[in-house]
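In what follows, a single structure is set out as structure tokens and then discussed.
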Amino acid sequence: MSRTEQLIRQTGVEEKSRGRWLALSVLVLAVLLVAVDATVLGLATPSLSEDLKPSGTQLLWIGDIYSFVIAGLLVSMGSLGDRIGRKKLLLAGATAFGAVSVLNAYATSPEMMIVARALLGVAGATLMPSTLALIRNIFTDPRERSLAIGIWGATASAGAAIGPVVGGALLQHFWWGSVFLINLPVMIALVLVGIKLLPESRNPVAGPWDLLSVGLSLVGVIGVVYAVKEAATHGMTPEVAVCAVLGAGALYAFVRRQFTLPSPLLDMRLFRHRGFSGAVLADLLTVFGLSGLVFFLSQFLQLVQGRGPLEAGLAELPAAVGAVVTGLVAGRYARRYSVRSVVTGGLAAIGAALAVLTVIHKDTGYPLLGAALLVVGLGAGFSFTVTADVILSSVPKEQAGSASAVSETAYELGAALGIALLGSIVTGVYQGFTAPASVAGPVADAAHESLGGAVEAAKALDPETAARMVGAAQEAFVDGLRFASGVGAAVLLATAAAAWFLLRGQRLQEGVKH
């Protein structure tokens, strides 16, 4: 080979490599879009509660309807991306996500806010599976792919950090709806740059998109999650039992149908791979254990400890910093030691940090909270990055959309179940507090709906009575948060033990995969 030919080939390789990383920069914008939206909601909850005055149940629906819908549609959207093209689906979804964010920002009632969050879930369901599937197809070298997944995960963590800080700054000067409008510049940049830089990819042999399977998966996931949520809050009523049976039946029919279709919406044979199944289960249970903490921590920092929105956002930074740091090196450590040791260690660290939070009280100093959040972030960065790599490496690249959708479904389903169950624990314990005897019935009822409702209701009372009622409400809220943290710790430690066995012998790929 002549010197000129060598230079031409080297230049082509460098341009191809540079193109991969530029494409990744577009994909992480989509991750940033979703991560920022998820975290700013928790920060805006106190202001939103004061303005829209949702009931306790409505507040939980505002928090988890996004996860319900996105969990129900992820598998369908991942499969759709495999069929019509992941780039096309990603850009269409990003455009819709930005538009619906405006609807969220200008919601004028709890019911409108719930509907807007549901529509945002429809748009969000197109984003995350498409980003991971495109990473699987763009990065064929396993080591490069591990780094790309690490950057993907680190960006999600950075978005979780940027959301509260930027959202807190906005809430200091503007109304709560402004936190949703920060999605717009990110969406615009993603679409304009993505049109130029992202390569299109799809499954060349995918069959038709089975609408019956889409309906079964949506009804099944939403039915089961709704039943769990309502049973945890109100007990097993006939209506809840019907939803549970309907959801379980739809999921059973979905699974049976996938085995009969020549081109299934989700290839159920993926779950025969022990590493794939173990990673999915670890993700679901980890997010389940963490979700209650994430949803209620902002309320604790603001409504219990009296921090402003910006200060509360900055207080949550250690978790994101820890996740960014370990996410970037997780693949390297998993290859040096083992997949199961890194994942198990990460999960055990999160469990230990949640256990520490069972001793917090109203006046707990920030060093303890900050240290616990840092350990949570470090553990999450290790575990989530490696499990995402295991899931993507376990399937052919043609099925990357479906595999990514399963991974993201585990996240969203875990979040929905966690907010429903752990949130119901916090709410149930909170509602047991005793208001001062002099407080009238309607005011006491409003105070028992939520901590934000108690703070708002107290404004109609004399200062001494208001202080006693808010103090009792805060103590009850902290009791509930401690209880939920204990449950989360137990779930995470049990998940760590399960991961040690399920991921036995699992290794990340080495070298270039041709």
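Counting begins at 1 with the first residue of the sequence. Please read all numbers here as calculations on a predicted model, not as lab measurements.
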With rounding to the nearest 0.5 Å, note down the distance linking [atom1] in [X] to [atom2] in [Y].
{"X": "Leu354", "Y": "Ile350", "atom1": "CG", "atom2": "CD1", "answer": "7.5 Å"}
{"X": "Ile114", "Y": "Leu119", "atom1": "CD1", "atom2": "CG", "answer": "12.5 Å"}
{"X": "Ser485", "Y": "Phe300", "atom1": "OG", "atom2": "CZ", "answer": "9.5 Å"}

Would you check if [X] and [Y] make a side-chain contact, meaning some heavy-atom pair closer than 4.5 Å?
{"X": "Met187", "Y": "Phe97", "value": "no"}
{"X": "Ile360", "Y": "Leu357", "value": "yes"}
{"X": "Tyr366", "Y": "Pro318", "value": "yes"}
{"X": "Asp283", "Y": "Phe384", "value": "yes"}

Legend entry - salt bridge (charged side-chain N to carboxylate O under 4.0 Å, His left out) contacts in which one or both residues fall within residues 336-359, not counting sequence neighbours: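 Pairs touching residues 336-359 that pass the test: none.
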
Inset, instruction - Output every pair passing salt bridge (charged side-chain N to carboxylate O under 4.0 Å, His left out) with a member in residues 342-354, not counting sequence neighbours, ordered by first then second residue. - result: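 Passing the test, one end in residues 342-354: no pairs.
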
Inset, instruction - Using atom types as modelled and distance alone, determine if a side-chain donor or acceptor of Thr344 lies under 3.5 Å from a backbone N or O of Ser341. - result: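 It does not hold such a pair.
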
Inset, instruction - Please check if the side chain of Gln305 supplies one atom and the backbone of Thr364 the other of a donor-acceptor pair under 3.5 Å. - result: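 Flag set: sc Gln305 to bb Thr364 pair under 3.5 Å.
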
Inset, instruction - Provide the full list of side chain to side chain donor-acceptor pair (under 3.5 Å) pairs with a residue in residues 245-261, sequence neighbours left out, each pair given once. - result: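 Passing the test, one end in residues 245-261: Asp210-Arg257, Ser213-Gln258, Tyr252-Arg256.
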
Please list, one pair per line, the donor and acceptor atoms closer than 3.5 Å that link side chains of residues 369-382 to other protein atoms, with sequence neighbours excluded.
none

Inset, instruction - Please step through side-chain contact (heavy atoms from CB on, under 4.5 Å) for the pair Val426 and Phe483, ending with a clear verdict. - result: CA-CA 7 Å; Val426 175; Phe483 193 3; over 6 Å; no

Legend entry - Sequence-distant partners of Arg482, salt bridge (Lys or Arg N to Asp or Glu O under 4.0 Å), two or more places apart: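 Arg482: salt bridge (Lys or Arg N to Asp or Glu O under 4.0 Å) contacts with Asp479.
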
Show the atom names and distances, to 0.1 Å, of all donor-acceptor pairs under 3.5 Å that link a side chain in residues 490-503 to residues at least two apart or in another chain.
unit_1 : atom_1 : unit_2 : atom_2 : d
Thr495 : OG1    : Val491 : O      : 2.7

Inset, instruction - Could you give me the CA-CA distance, side-chain angles and deciding distance for Ser101 and Leu120, then say whether side-chain contact (heavy atoms from CB on, under 4.5 Å) is met? - result: CA-CA 7 Å; Ser101 294; Leu120 203 65; 3.8 Å; yes

Inset, instruction - Carefully, step by step, assess Ile151 and Leu24 under the rule side-chain contact (heavy atoms from CB on, under 4.5 Å). - result: CA-CA 9 Å; Ile151 294 171; Leu24 179 64; 4.0 Å; yes

Inset, instruction - For the pair Leu218 and Val214, evaluate side-chain contact (heavy atoms from CB on, under 4.5 Å) and give the outcome as yes or no after the intermediate values. - result: CA-CA 6 Å; Leu218 183 62; Val214 173; 5.5 Å; no

